[in-house]
J.: 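This is the structure, below, for whatever I ask next.
Order of the sequence lines sets the chain letters (A, B, ...), proteins ahead of strands, with each chain counted from 1.
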2 protein chains.
Amino acid sequence: MSQHSRRLPYGDGRDALLAAVIDVVAEKGLRGVTYRAVAARAGVNHTLVTHHFGSIEGLLAATMEWAVQRSIEETGLAGIADFDEGFADSLMATVSAEPELQLFQFEMLLESRRNPKILAMVERLYKTYVGTVEEALSQRGLDTTGEASLAIFAALDGLMLQFLTITDPAKIRSAVIQVGKLVSGLLNSSDASGESRRPATTS
Amino acid sequence: MSQHSRRLPYGDGRDALLAAVIDVVAEKGLRGVTYRAVAARAGVNHTLVTHHFGSIEGLLAATMEWAVQRSIEETGLAGIADFDEGFADSLMATVSAEPELQLFQFEMLLESRRNPKILAMVERLYKTYVGTVEEALSQRGLDTTGEASLAIFAALDGLMLQFLTITDPAKIRSAVIQVGKLVSGLLNSSDASGESRRPATTS
DNA sequence: GGGAAAACTATACAGATGTAGAGTTTTGGA
DNA sequence: TCCAAAACTCTACATCTGTATAGTTTTCCC
């Protein structure tokens with residue numbers, strides 16, 4: 001079914017291109033990102049990419065900017081306050097909702113080594129994520145020096161990466177819950193006398 | 001200065017191509033992997049790629065096969081038995097020794113979504129890694145049900161990914177050490193809670 | 001030492017890709 | 001209403017890329 005049915009509304013080309021990048025990367029990887037492939041997916045002429053973004057690099061940077069903004073606004077880690085099973089499910093649900101978007105961000109993480117603009121955006125994104133974890137740990141009265149937040153976030157990040165690629169959801173879910181237990185363990189070891197395994201009800 | 005100085009010894013072309021792939025991916029990403037780019041780096045004619053590997057996909061698969069074998073043999077996580085500071089330094093040293101190789105494996109992890117052959121190899125690699133962690137945890141008498149090994153490995157994996165891209169070594173080092181402390185915490189909490197304590201046979 | 005097989009090169013070409021330039025459509029404001 | 005700017009398309013072309021084919025060099029082994 002060739003669906004060149006209706007043209008996009010005037011002014012929607014730019015956004016359509018950004019969305020198309022996510023899809024093309026998910027389907028064919030960065031190797032598949034060409035002016036024509038992206039434009040075809042977006043339903044516009046391939047020269048429109050140059051008009052809006054100047055180059056493929058510019059297109060990728062703009063797409064990442066867009067993706068980062070969305071991720072930060074949605075703060076997928078919002079429900080992180082409690083590290084219980086509900087948290088695990090909500091985290092996985094967030095990633096499952098838009099796997100292509102997450103995949104794209106991982107691609108850009110690797111790309112950041114070769115592109116300063118991308119690097120800056122990835123740094124911003126990751127600092128936001130780690131900051132969110134840090135906040136959650138602090139609320140539980142945990143010592144957040146020594147990069148505990150970074151360690152916890154890296155565990156979740158690594159698990160989501162595997163979730164999106166090679167490891168089945170059930171195992172990932174268990175492992176995410178384990179991360180929650182590790183946090184509890186951190187609480188115990190820093191507060192040696194604590195008997196209260198149950199976190200105090202929301203204050 | 002054209003430096004077509006010395007040709008490769010006869011029979012070395014294949015290996016030279018594999019090594020070249022790692023370099024090209026590190027420098028230009030998967031987008032930069034073309035017959036000519038890889039062949040030029042290896043110092044051979046670009047048609048040699050087809051002769052040995054059939055296609056770019058075949059070339060990437062063969063390179064991954066080679067990379068996985070090396071990683072498994074070296075077992076970069078060998079010194080994982082103790083989760084102390086020495087372990088952190090040795091882990092980072094291993095990754096630092098050949099960052100391009102690690103980067104390539106992360107690229108292939110993402111690629112595994114679109115390539116069954118790559119998927120099989122990445123699965124093998126990750127199972128080996130998780131298995132190594134599991135062994136280390138068992139030796140400490142820890143309960144390894146519930147995917148604790150997967151969680152711990154994911155933390156280290158996620159940290160190495162950041163180490164290779166956006167986060168400075170000092171922070172990574174601290175975080176890796178934190179992972180070690182989390183393992184200790186796991187030990188405490190499994191004793192303290194007595195929830196699902198299955199004694200591991202330390203035979 | 002001779003011949004087949006494997007490794008490798010040379011060349012040529014079709015199709016894909018990036019890019020330039022000129023033209024068309026739509027929007028929005030004076 | 002009109003016009004300038006922005007959004008967008010069309011076409012053309014040079015370059016890059018993959019691939020086929022034929023030929024050369026080296027190795028291996030009987």
J.: Write down the distance between CZ (A:Arg7) and C1' (D:dT9), rounded to a whole number of angstrom.
T.: 7 Å
J.: Write down the distance between CG (B:Leu48) and C1' (C:dA6), rounded to a whole number of angstrom.
T.: 11 Å
J.: Assert yes or no for the condition that the ring centre distance of A:Phe153 to A:Tyr126 is strictly below 6.0 Å.
T.: yes
J.: Could you go over nucleotides 24-27 of chain C and give all protein N or O partners under 3.5 Å, atom names and distances?
T.:
from: C:dT25; atom 1: O2; to: A:Tyr10; atom 2: OH; distance (Å): 2.6

J.: May I ask you to say whether B:Glu107 pairs ionically with B:Lys28, meaning some side-chain N is under 4.0 Å from a carboxylate O?
T.: no
J.: Is atom CD of B:Glu123 surrounded by more than 12 heavy atoms (other residues, nucleotides or ligands) closer than 6.0 Å?
T.: yes
J.: When B:Glu65 is tested against each of B:Lys117, B:Arg70, B:Arg124 for salt bridge (Lys or Arg N to Asp or Glu O under 4.0 Å), which residue passes?
T.: B:Arg124
J.: Could you check whether B:Glu147 pairs with A:Arg173 (Lys NZ or Arg NE/NH1/NH2 to Asp/Glu carboxylate O, under 4.0 Å)?
T.: no
J.: May I have the distance from A:His51 (atom NE2) to C:dG18 (atom P), rounded to whole angstrom?
T.: 19 Å
J.: Starting from C1' on C:dT9, measure out to CG on B:Leu8 and report it in whole angstrom.
T.: 13 Å
J.: Using atom CG of B:Asn45 as one end and atom C1' of C:dA7 as the other, report the distance to the nearest whole Å.
T.: 12 Å
J.: Heavy-atom count check: over 12 atoms from other residues, nucleotides or ligands less than 6.0 Å from A:Glu57 CD?
T.: no
J.: Which letters describe nucleotides 15-20 of chain D, given B = protein heavy atom under 4.0 Å from base, S = only from sugar-phosphate, - = neither?
T.: --BBBB
J.: For B:Ala42 and B:Ala16, work out which heavy atoms get closest and say how close.
T.: CB-O, 3.5 Å
J.: Where do A:Ser138 and A:Thr144 come nearest, in terms of heavy atoms and distance?
T.: OG-CG2, 3.6 Å
J.: How long is the line joining CZ of A:Arg14 and P of D:dC8, in whole Å?
T.: 10 Å
